[in-house]
S.K.: 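Once you've had a glance at the structure underneath, I'll fire off some questions.
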Amino acid sequence: MPELPEVETVRRGLEPAMTGQNFIAVEQRRADLRFPFPPNFADRLKGRRIDALSRRAKYLLADLDDGGVLIMHLGMSGSFRIESLAPGLFHHDRSKDPAHDHVVFQMSGGARITYNDPRRFGFMLIEPRATLAEHKFFRDIGVEPLGNELDGALLVRLFDKKKAPLKAALLDQRLVAGLGNIYVCEALHRARLSPRRAAGTLARKNGSPAPGAVRLASAIHEVLEAALAAGGSSLRDHRQADGSLGYFQHSFQVYDREGEACQTPGCNGRIQRISQAGRSTFFCAGCQK
DNA sequence: ACACTATCCTGCAGGC
DNA sequence: TGCCTGCAGGATAGTG
């Protein structure tokens, strides 16, 4: 499921059930997901308190009280489910998909948190907090697109001289961290920029950001903020940690809308689908230049 | 250095 | 009904 808005939505859902609480029990039901679990994974966590739950790009980071960090990535199909025996706080329903419930955390506050991941592209690792910035997953990671750092000028700098199409450049986590296939398509449409355009063409001749670069930075902010406000997008029945569904998928302008009329005012185009770098790109050639 | 592709894995939709 | 193919929100290693 998860791009930045979905991962952030998951983080917000998990926070009250995890932060400040201890792992009472950890059940690891198989040896690996995308990677093998660390040695003694369950024992390593048991008894530890989570001091903070944060997010970097699409990674969830649980700071442990022994200086370690539990790194969690949802891959394509990972999700968390929170249940509690405490009445009224959470749903307590059985998993519809127990075959893919791979990890269960029992927290001291009473929450039972289950990680489910049919495709097993997700993973969990434990690394020292002190050297996390140098870890291979984080060493080369790009700018967080929420907040003020990302603007037209920065996009121009990041994309300088790049011949790669905008679609590929925006998906590159080393440049901007957290965008995935959906929100890249949506942001480009919102900015009226073609996904096929070379990324290095967003600058004016003097190097200052062209209007398109400024529009793109704004579009990224807007689409991510709107998705966050909607609780993310729920495709293929993906849910938030509390069981509720995000609804931003109803606001998609292009993603998975091949053949539909473009909604941009004054545009008579239709949404088309092309393949770039092995992934589907949805866009309107009428208004995206 | 850069940019494709193949790949990991399972489920689901669509065609026949 | 079943079987097959292709595709899916990610990210990496390998290739040219």
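Below, all heavy atoms of this structure are taken into account, side chains as well, without hydrogens, waters or symmetry copies.
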S.K.: Under 4.0 angstrom, heavy atoms only, what part of the nucleic acid is A:Arg273 near: base, sugar-phosphate, or nothing?
M.R.: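 Sugar-phosphate contact only - A:Arg273 comes under 4.0 Å of backbone atoms but never of a base.
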S.K.: Quick one: are the ring centres of A:Phe282 and A:Phe252 less than 6.0 Å apart?
M.R.: no
S.K.: Check whether any side-chain N or O of A:Arg120 sits under 4.0 Å from OP1 or OP2 of B:dC8, and answer yes or no.
M.R.: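 No, no such contact exists.
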S.K.: Please state whether the phosphate of C:dA11, meaning OP1 or OP2, lies under 4.0 angstrom from any side-chain nitrogen or oxygen of A:Arg279.
M.R.: no
S.K.: Within the pair A:Gln173 and C:dA11, is there a side-chain N or O less than 4.0 Å away from OP1 or OP2?
M.R.: yes
S.K.: Work out how far the C1' atom of C:dG6 is from that of B:dA6, and round it to whole angstrom.
M.R.: 15 Å
S.K.: Taking the same atom, P, in C:dC7 and in B:dT5, what whole-Å distance lies between them?
M.R.: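 Straight-line distance between the two P atoms is 13 Å.
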S.K.: Applying a 3.5 Å limit to both distances, which nucleotide forms a Watson-Crick or G-U wobble pair with B:dC9?
M.R.: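 Paired with no nucleotide.
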S.K.: Are any side-chain N or O atoms of A:Gln249 and backbone N or O atoms of A:Gly246, one a donor and one an acceptor, separated by less than 3.5 Å?
M.R.: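 Yes; judged by distance alone, with no hydrogens or angles, the pair exists.
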S.K.: Specify the separation, in whole Å, of atom CG of A:Asp32 and atom P of C:dT12.
M.R.: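 Nearest whole value for this atom pair: 18 Å.
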S.K.: Expressed as a whole number of angstroms, how long is the span from A:Asp256:CG to C:dC7:P?
M.R.: 13 Å
S.K.: So, A:Asn181 side chain and A:Ser280 main chain: donor-acceptor pair closer than 3.5 Å or not?
M.R.: yes
S.K.: Using whole Å, report how far CG of A:Asp172 lies from P of B:dA3.
M.R.: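 Going from A:Asp172 (CG) to B:dA3 (P), I get 9 Å.
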S.K.: Does A:Arg55 use its side chain to pair, donor to acceptor, with the backbone of A:Ala57 at less than 3.5 Å?
M.R.: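 Yes, A:Arg55 side chain to A:Ala57 backbone: donor-acceptor pair under 3.5 Å.
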S.K.: Whom does B:dG15 pair with, Watson-Crick or G-U wobble, provided both distances fall under 3.5 Å?
M.R.: C:dC3
S.K.: Nearest-Å distance, CG (A:Leu33) to C1' (B:dC8)?
M.R.: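 So the two atoms are 12 Å apart, to the nearest Å.
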S.K.: Please tell me if A:His100 has a side-chain N or O lying less than 4.0 Å from either OP1 or OP2 of B:dC9.
M.R.: no
S.K.: Counting only side-chain N and O atoms of A:Lys58, is one of them less than 4.0 Å from OP1 or OP2 of C:dA11?
M.R.: yes
S.K.: Which of the following nucleotides, B:dG11, B:dA3, C:dG9, is nearest to the side chain of A:Pro118?
M.R.: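 Taking heavy atoms from C-beta onward, the closest nucleotide is B:dG11.
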S.K.: Between C1' on B:dA1 and CG on A:Leu175, what's the gap in Å once rounded to a whole number?
M.R.: 13 Å
S.K.: Counting only distance, no hydrogens or angles, is the base of C:dA8 paired donor-acceptor with the side chain of A:Arg119 under 3.5 Å?
M.R.: yes
S.K.: Measure from the side-chain N and O atoms of A:His189 to the backbone N and O of A:Cys262, and report whether any donor-acceptor pair falls under 3.5 Å.
M.R.: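 Here the side-chain-to-backbone pair does not exist.
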S.K.: Can you check the distance between B:dA3 and C:dG9, where both ends of the measurement are the C1' atom (answer in whole Å)?
M.R.: 22 Å
S.K.: Any side-chain N or O of A:Ser280 under 4.0 Å from OP1/OP2 of C:dA8?
M.R.: yes
S.K.: Provide, to the nearest angstrom, the distance between the CZ atom belonging to A:Phe252 and the C1' atom belonging to C:dA8.
M.R.: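 It is 13 Å, rounded to the nearest whole Å.
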S.K.: Measure CD/A:Glu3 against C1'/C:dA11 and give the value in whole Å, please.
M.R.: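 Whole-Å distance recorded here is 13 Å.
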S.K.: With a centroid cutoff of 5.5 Å and a plane-angle limit of 30°, would you call A:Phe121 stacked on C:dG10?
M.R.: yes
S.K.: Rounding to an integer number of Å, can you tell me how far A:Glu258 CD sits from B:dA13 P?
M.R.: 18 Å
S.K.: Determine the interatomic distance between P on B:dC9 and the same-named atom on C:dC3; round to the nearest Å.
M.R.: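 My reading of the P atoms in B:dC9 and C:dC3 gives 22 Å.
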S.K.: Check this one for me: any side-chain N or O of A:Tyr255 less than 4.0 Å away from OP1 or OP2 of C:dG9?
M.R.: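 Indeed, a polar side-chain atom of A:Tyr255 lies that close.
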S.K.: Working to the nearest 0.5 Å, report the span between OG1 of A:Thr281 and CG of A:Leu188.
M.R.: 8.5 Å
S.K.: Of the nucleotides C:dT12, B:dC2, C:dG9, which one has an atom closest to the side chain of A:Tyr59?
M.R.: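 Looking only at heavy atoms from C-beta outward on A:Tyr59, the closest nucleotide is C:dT12.
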S.K.: Does OP1 or OP2 of C:dA11 have a side-chain N or O of A:His73 closer than 4.0 Å?
M.R.: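 A:His73 to C:dA11 OP1/OP2: side-chain N or O found under 4.0 Å.
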S.K.: So that I can tick it off, tell me whether A:Glu8 and A:Arg11 are bridged by a salt bridge, with the cut-off set at under 4.0 angstrom between side-chain N and carboxylate O.
M.R.: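 Salt bridge: yes.
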